[in-house]
Amino acid sequence: MHAFDILGDPVRRRILELIQAGELSSGAITEVIRAEFDISQPAVSQHLKVLRDNGFANVRAEGTRRLYSVDTAPLREVDQWLERFRRNWTPHLDALATEIARGKRERRRTTNKEASQ
């Protein structure tokens with residue numbers, strides 16, 4: 001499965017968001033996902049399996065619990081692939097930031113000028 005097929009699913013993206021801050025048990029993940037997406041526990045388990053089988057999540061056993069965490073290696077690969085496209089939009093975003101800053105300076109000047117009159 002291609003990385004974007006995995007990341008294209010909102011449930012799997014949400015699971016990655018949940019576990020990016022640190023390990024979470026499968027039960028805790030299931031609780032949040034079921035509440036947010038109204039899907040069954042087996043469906044959540046299938047999403048966890050996809051993440052695990054494709055290297056996006058690590059799992060370790062702690063007694064009867066399964067703790068999940070993010071494996072950043074595939075995400076770094078996605079980031080590297082996206083890097084070539086950033087060259088296309090970064091200059092435009094930099095130019096936009098400059099224009100926004102210019103507009104803020106102009107509004108401050110206008111406000112200060114009106115206040116001093």
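Note that the coordinates shown come from a computational prediction; the quantities given were computed from them, not determined experimentally.
- Without hydrogens or angle criteria, T72 side chain to L75 main chain gives no donor-acceptor distance under 3.5 Å.
- Atom CG of L51 and atom CD1 of I15 lie 5.5 Å apart (nearest 0.5 Å).
- No donor-acceptor pair under 3.5 Å is formed between the side chain of N54 and the backbone N or O of F56.
- Put simply, CZ on R52 and CZ on R66 are 9.5 Å apart, with the number rounded to the nearest 0.5 Å.
- L67 has its side chain within reach of R65: a pair of non-hydrogen atoms, C-beta onward, lies under 4.5 Å apart.
- Across every non-hydrogen atom of L16 and V70, the tightest pair is O-CG2, 3.7 Å.
- For the pair S26 and L48, the tightest heavy-atom approach, listed with the atom from each and the gap, is CB-CD1, 4.2 Å.
- The number of heavy atoms from other shown groups lying within 6.0 Å of CG (D38) does not exceed 12.
- Here the straight-line distance linking atom CZ of R102 with atom CD of E106 works out to 10.0 Å at 0.5 Å rounding.
- One finds the CG atom of L24 at 7.5 Å from the CD1 atom of I19 (value rounded to the nearest 0.5 Å).
- Q46 CD to I39 CD1: the interatomic distance, rounded to the nearest 0.5 Å, is 10.5 Å.
- Nearest heavy atoms, P74 versus G55: CG-O, 3.0 Å.
- Between the R13 side chain and the G8 main chain, a donor and an acceptor come within less than 3.5 Å of each other.
- Donor-acceptor pairing under 3.5 Å is recorded for the side chains of S45 and Q41.
- The aromatic rings of W81 and F85 sit tilted, their planes meeting at an angle between 30° and 60°.
- If you check the side chains of Y68 and R60, you find no donor sitting under 3.5 Å from an acceptor.
- The side chain to side chain contact (heavy atoms under 4.5 Å, CB included) test applied to R14 returns E17, L18, V32, I33, E36, F37, not counting sequence neighbours.
- A distance of 9.5 Å separates NE2 in H2 from CG in L7, rounded to the nearest 0.5 Å.
- For the residue pair R34/T30, the side-chain donor-acceptor check at 3.5 Å is not satisfied.
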